[in-house]
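Down below is the structure, laid out as C-alpha cells.
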Amino acid sequence: MEGSYKETAHNRYPTTADSPLTKRDLQNLLQEATAEIKAYTKAELNRQIQSLKADLEALSHRTDHAEAKLTKLADTTSSHSQDITYLHGKLAALEEEIEDLNNRSRRNNIRVRGLPETVTNDQLQASLTDLFNTLLPEATQHDLAMDRAHRALRPLALNPDTPRDVIVRMHRFPIKEQLVRQARQNPPTFQQQTIALYQDLAPSTLKKRRDLRQLTNTLSHHGIRYMWGHPFKLLVRRENQTHILSNAVEMIPFAESLGLTLLPLQQNRPPGPRGRCQESISHSPRRTPRKRAPPRPQDGSPQRH
C-alpha cells in the first residue's frame, strides 16, 4: 500500500527540482490515504461480520434442532420410565400370583425332616404310614392315603446326620392339617430320631420368611402370636388390632408400630424348641456343593479314571 501511495502522490503531484511538494500537498495525500484506509477497513469488517452472522445463524439452527431432539428424547424417556414402572408392578403382581399358585398346588404337601437315609424309596410310604399312625392313632389306612412320597431332589449331604427331606402329598387336606398340628405339639420319633413335619412351601416364600426372621424371632421372644397369610403376608394380632406386613423393607417401621425394638439376629432365638409359628420351615434344604470335573489333559490324551 505504501508503494501505491507514492505512485499516487507522484501522479497527482508531479515534482521537479524547481517545484517540490508542499505541506498542503502532503496534508491532502494524508487525508486521501486515511479515507482509503477507512473504506478498506469498513469493507473488511462488514465482510467479516456477515461471515460471523452466517455462522451464528447456522449454529442457532443447529442448537434449535438439538434442543428439539433433546426435548423429544426427554419426553420419550419419561414415557419409558412410566412404562417400566407399570411393567415392574405388573411383573411383581404376576410373580406374587405365581408364588400363590405354587403354594396352593403344595397345600396337600408335607415336608418331613429328619427321616434317616436308611429308609429307601420303596420303604418310604410304609414308614411314613407307621409314623403318621403314631400322630393320629384313630386314622384308617384310607385316611392316610398318599398320592406320592419322595426325597428332596438334591444330592446326598456329606454329613449322614442331615438326611434329605421327604415330600409327601396327602390325598386329604384335613388329614394333612391334623398331622402337621399334632407333630408341632408332640414331635414324633423314628429310629430314635426326632421328626419334624412342616408345610411344603415355594422357595420364594421361604426366602421372604427368612428375610423376616429377625422380626418373627423378636415376636416369639416377647410371646406375641403371629401367623402367615397367602398371598405372602405376616399377620400380628395385638391389642385387638390386626397388623399386616407384606414386605421386609417395612420391617423396622412395622416393629415400631407394635412398640417393639428388633433384637440382634444372633441373640433373638425363640426361648423354646417350639416357637409360636413354623419358623423352621424358613430353612431351605441344604445343598451339597457339586464336585468339579478334573481338567482335561492338554495333549488330548484320554483321562484315566
Side-chain angles (χ1 to χ4, degrees), residues 87-117 119 121 124 128 146-159 161-171 173 176-177 179-181 183-184 187 194-220 226-236 244-251 254 265-266 268-270 274-292:
L87 292 175
H88 181 74
K90 293 290 290 184
L91 179 62
L94 289 174
E95 288 179 344
E96 183 176 340
E97 184 175 354
I98 292 174
E99 178 185 346
D100 183 54
L101 291 174
N102 192 348
N103 285 324
R104 290 181 185 277
S105 69
R106 300 167 182 251
R107 66 195 305 265
N108 281 30
N109 290 6
I110 299 176
R111 183 174 287 269
V112 181
R113 183 162 300 169
L115 196 67
E117 290 285 352
V119 180
N121 292 332
L124 276 179
L128 290 171
M146 308 174 202
D147 293 338
R148 58 181 175 271
H150 60 83
R151 292 279 181 180
L153 302 179
R154 64 179 180 85
L156 287 171
L158 297 177
N159 186 358
D161 294 334
T162 57
R164 293 171 296 172
D165 293 347
V166 176
I167 292 88
V168 186
R169 180 174 178 82
M170 303 300 295
H171 190 71
F173 177 76
K176 168 253 173 182
E177 289 288 288
L179 289 172
V180 174
R181 190 180 306 112
R184 193 182 309 154
T194 302
I195 307 298
L197 272 61
Y198 304 117
Q199 170 66 50
D200 185 33
L201 296 172
S204 56
T205 303
L206 295 176
K207 181 182 181 304
K208 291 179 180 179
R209 292 194 178 188
R210 284 196 300 270
D211 294 339
L212 295 178
R213 186 182 301 165
Q214 187 175 8
L215 175 61
T216 55
N217 288 347
T218 302
L219 293 173
S220 298
Y226 64 90
M227 62 181 298
W228 301 107
H230 297 281
F232 179 81
K233 61 178 69 72
L234 178 69
L235 298 95
V236 179
I244 300 176
L245 176 65
S246 301
N247 196 323
V249 177
E250 303 172 355
M251 181 169 57
F254 184 81
L265 194 59
Q266 66 274 14
N268 58 2
R269 290 292 183 183
R274 300 191 305 273
R276 296 287 182 175
C277 196
Q278 304 176 44
E279 282 300 305
S280 298
I281 59 178
S282 62
H283 297 280
S284 59
R286 298 181 180 177
R287 295 186 178 274
T288 304
R290 297 181 179 179
K291 297 181 179 180
R292 295 184 177 181

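Quick note: numbers below take in every heavy atom, side chains included, and nothing from hydrogens, waters or symmetry partners.
- A pairwise comparison of heavy atoms in S220 and Y226 identifies OG-CE2, 3.7 Å as the closest pair.
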Inset, instruction - Could you give me the CA-CA distance, side-chain angles and deciding distance for I195 and R113, then say whether side chain to side chain contact (heavy atoms under 4.5 Å, CB included) is met? - result: CA-CA 6 Å; I195 307 298; R113 183 162 300 169; over 6 Å; no
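- A donor-acceptor contact closer than 3.5 angstrom links the side chains of D147 and H171.
- With F173 as the aromatic partner, R107 meets the cation-pi criteria of under 6.0 angstrom to the ring centre and within 45 degrees of the ring axis.
- T205 places no side-chain N or O within donor-acceptor distance of the main-chain N or O of L201, the cut-off being under 3.5 Å.
- In this structure, the side chain of N102 does not engage the main chain of A202 through any donor-acceptor pair within 3.5 Å.
- Looking at every heavy atom in both residues, L179 comes nearest to M170 through CD1-CE, 3.9 Å.
- The backbone N or O of P231 sits nowhere less than 3.5 Å from a side-chain atom of E99 that would complete a donor-acceptor pair.
- No donor-acceptor pair closer than 3.5 Å links the side chain of R111 to the backbone N or O of Q199.
- Annotation for R164 and P155: closest pair CD-O, 3.9 Å, computed over non-hydrogen atoms.
- How far NZ of K176 is from CZ of R181: 9.5 Å, rounded to the nearest 0.5 Å.
- Shown are I110, L128, N108, L124; of these, the side chain to side chain contact (heavy atoms under 4.5 Å, CB included) with M146 is made only by L128.
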